[in-house]
Trainee: 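Submitted below is the structure of interest, expressed as structure tokens.
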Amino acid sequence: MSIVLGANQYGKAEVRVVKVTRDDPRHEIEDLSVTSQLRGDFAAAHLTGDNRHVVPTDTQKNTVFAFARDGIGSPEEFLLRLADHFTGSFEWVTGGRWTAESYAWHRIHVDGDPHDHAFVRVGQETRTAVVVADGGERHVLGGLHGLTLLKTTGSGFEGYPKDRYTTLPETRDRILATDVATRWRYLPGADVDYNAVYADVKRILLEEFTRRYSAALQTTMFELGTAVLEAHDEIAEMRFSLPNKHHFAVDLAPFGLDNPNEVFYAADRPYGLIEAQITREGIDPADAAWEGATAFC
Ligand SMILES: O=c1[nH]c(=O)c2[nH]c(=O)[nH]c2[nH]1
């Protein structure tokens with residue numbers, strides 16, 4: 001029996017880079033956590049300890065900081081620059097996977113005016129980006145996680161099969177809450193203003209969540225994906241991973257009180273986990289773009 005090396009990649013994870021643009025007194029800040037992973041011919045290092053192909057992870061980290069000196073622009077463009085650099089500089093590096101989380105800062109307002117150089121971290125959601133290089137191909141994913149949404153009514157769950165283990169009561173009036181985690185894949189070659197698309201996708205997710213009665217989180221998830229794909233031709237597909245953050249009405253009868261859906265126990269676990277790919281008919285599934293993404297997205 002012989003033992004062989006399978007797929008491999010390596011690099012530096014979670015390089016925290018903060019870029020301040022200070023061309024004038026009104027500073028700009030960009031705050032990213034970047035992971036760089038190279039793919040290619042690294043067999044000798046794994047098999048014999050020959051490091052001649054191993055671009056150090058330390059060098060990959062330094063490259064992130066050096067490239068930040070020219071500005072970041074959008075996480076997607078920054079990762080594309082890194083992909084082109086590593087695949088263009090070392091002929092045995094045939095591809096890789098570069099990912100970023102980006103953290104938003106808003107200017108602090110003082111007496112109603114935005115401050116030039118003082119910021120407050122915006123805790124709402126974390127933006128994500130992925131670039132996968134596979135030979136000459138470039139796959140770009142945008143995304144976000146931790147966008148917590150809740151509506152206090154306009155949601156129910158009925159009509160499901162019942163067996164001897166079913167205790168869940170049917171309802172047409174429940175709290176619907178989730179932490180949206182989603183990624184979307186840009187059509188290859190599309191000319192994209194990544195920052196503008198990100199802002200618009202987030203707007204659509206928020207607005208669409210409110211629009212209709214939700215018969216199930218599955219229905220709402222499909223509506224979110226449909227709305228984004230209908231508005232953005234440059235997006236090929238969306239993937240979602242949505243926890244159903246259950247809020248259970250507490251029985252207050254032992255205390256002589258009614259509870260007309262006003263007092264809830266917010267359970268943190270277990271939670272329903274609702275996931276799907278929402279795609280355009282007939283498009284190339286581009287599996288390479290998603291390889292290495294945890295779970296659904
Ligand atoms: O929106 C829901 N989808 C489900 O699949 C499900 N299952 C469950 O117990 N409650 C819910 N709610």
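One-based numbering, in listed order, for ligands and for the atoms of each.
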Trainee: If you count only heavy atoms, which residues are under 4.0 Å from ligand 1?
Mentor: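 F157, L168, R174, A216, L217, Q218, N244.
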Trainee: Look at D116 together with R107 and state whether they make a salt bridge at an N to O cut-off of under 4.0 Å.
Mentor: no
Trainee: Taking the side chain as every heavy atom from C-beta outward, state whether R127 and Y194 have any pair of such atoms under 4.5 Å apart.
Mentor: yes
Trainee: Determine whether the side chains of T166 and D163 contain a donor N or O and an acceptor N or O closer than 3.5 Å.
Mentor: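 Side-chain D/A pair, T166 to D163: present.
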Trainee: Do E223 and R212 sit within salt-bridge range, that is, some charged N less than 4.0 Å from a carboxylate O?
Mentor: yes
Trainee: With sequence neighbours left out, what residues match E170 under side-chain hydrogen bond (donor to acceptor under 3.5 Å, both in side chains)?
Mentor: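 For E170, the residues satisfying side-chain hydrogen bond (donor to acceptor under 3.5 Å, both in side chains) (neighbours in sequence not counted) are K162.
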Trainee: Is it true that E77 and R81 have a side-chain N and a carboxylate O under 4.0 angstrom from each other?
Mentor: no
